[in-house]
Each structure stands twice: as C-alpha cells, then as structure tokens.
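Below is one structure, written out as structure tokens; the observations come after it.
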Amino acid sequence: MDSGAVDHVFPETCLVGIPLKESPLSRLGKGCVSATSEEIPNRGQKQLVVKTREGHCRGMVIRIAPVRKLLLSAAKMNEAGNDVHLQGE
C-alpha cells in the first residue's frame, strides 16, 4: 500500500499469466512520475478480478511499468469505496 501513489503500478515481472493490454495512456506514450520526479514509461495495463473479505468480486486495473516494487494506491482504493487504514508500528 502506498499513500503517495496516484495509480496502482506493478513491475513488468508481476502477473505474468495475465495478458498485458495497451491502455489509453500507454497508446499516447504517457508515463507516470515517480516520487523523485523521474519519468516512468507506461507499458500498458492488466485487468484483475479480486475478492473482498466478504467474498464479493471486484475489478482492478493495474498499470505496468519498470518499477522495483508493487505500488497499490491508497487513494485509488479509497476512491473505489474501500476504507484504508495505515497504522505505524
């Protein structure tokens, strides 16, 4: 979970069994910007179906880019109607 991420972004090595599809932004050559203001290319997107704790299926779009780790956007999760609680140790 990343409180600063605008979109869900996964490395290219993740979700290898799910087809990579061109997205409107990747088609236009639009990437994203890292926390250090570095331009990151957009390789496309993958569509996931995830289950909630209650067993409900939900769709989730993941942007694929050359990043080092999974970035799940707390803001996007909240926009989708999920409560996001971040707690320190």
Side-chain angles (χ1 to χ4, degrees):
M1 187 68 61
D2 190 311
S3 62
V6 175
D7 282 310
H8 306 309
V9 182
F10 283 18
E12 298 166 283
T13 56
C14 288
L15 308 171
V16 293
I18 298 173
L20 178 65
K21 296 180 180 176
E22 188 176 59
S23 69
L25 292 176
S26 68
R27 190 176 306 114
L28 294 171
K30 302 279 185 180
C32 46
V33 179
S34 73
T36 59
S37 300
E38 184 180 346
E39 187 73 24
I40 301 172
N42 183 348
R43 303 285 192 234
Q45 65 187 26
K46 295 188 179 196
Q47 182 80 34
L48 301 181
V49 176
V50 296
K51 280 193 177 182
T52 66
R53 190 177 303 157
E54 296 79 20
H56 302 288
C57 291
R58 299 285 185 255
M60 181 181 240
V61 176
I62 305 293
R63 187 181 293 188
I64 304 300
V67 295
R68 290 189 305 268
K69 62 180 182 173
L70 310 176
L71 300 171
L72 283 173
S73 169
K76 262 241 196 278
M77 298 288 275
N78 193 256
E79 285 172 13
N82 300 291
D83 290 329
V84 177
H85 301 276
L86 303 175
Q87 182 176 342
E89 293 181 37

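All residue numbers in this chain count up from 1 along the given sequence.
Evaluation of the salt bridge (Lys or Arg N to Asp or Glu O under 4.0 Å) test over residues 44-65, restricted to residues two or more places apart or in two chains, returns Asp7-Arg63. Note on residues 77-86: no pairs pass salt bridge (Lys or Arg N to Asp or Glu O under 4.0 Å), not counting sequence neighbours. Applying the salt bridge (Lys or Arg N to Asp or Glu O under 4.0 Å) test to residues at least two apart or on different chains, the pairs with a partner in residues 9-38 are Glu12-Arg43, Glu22-Arg27.
Contact record, Leu48 with Ile62: CD1-CG1, 3.6 Å, taken as the closest heavy-atom pair. The two residues Cys57 and Val49 have their closest heavy-atom pair at CB-CG1, 4.0 Å. Considering all non-hydrogen atoms of both residues, Pro41 and Ala65 come closest at O-CB, 3.3 Å.
Hydrophobic clustering, defined by side-chain heavy atoms of Ile, Leu, Val, Met, Phe, Trp and Tyr closer than 4.5 Å, groups Ile40 together with Val9, Val67, Leu71.
Between Leu70 atom CG and Thr13 atom OG1 the span is 8.0 Å, to the nearest 0.5 Å.
By the side-chain hydrogen bond (donor to acceptor under 3.5 Å, both in side chains) test, Ser73 is found to be paired with no residue, residues two or more places apart in sequence or in another chain being considered. Every side chain to side chain contact (heavy atoms under 4.5 Å, CB included) that Val61 has, sequence neighbours left out, goes to Gln45, Gln47.
Val16 and Ile64 fall into different hydrophobic clusters, where Ile, Leu, Val, Met, Phe, Trp and Tyr are joined by side-chain heavy atoms under 4.5 Å apart, directly or via other members.
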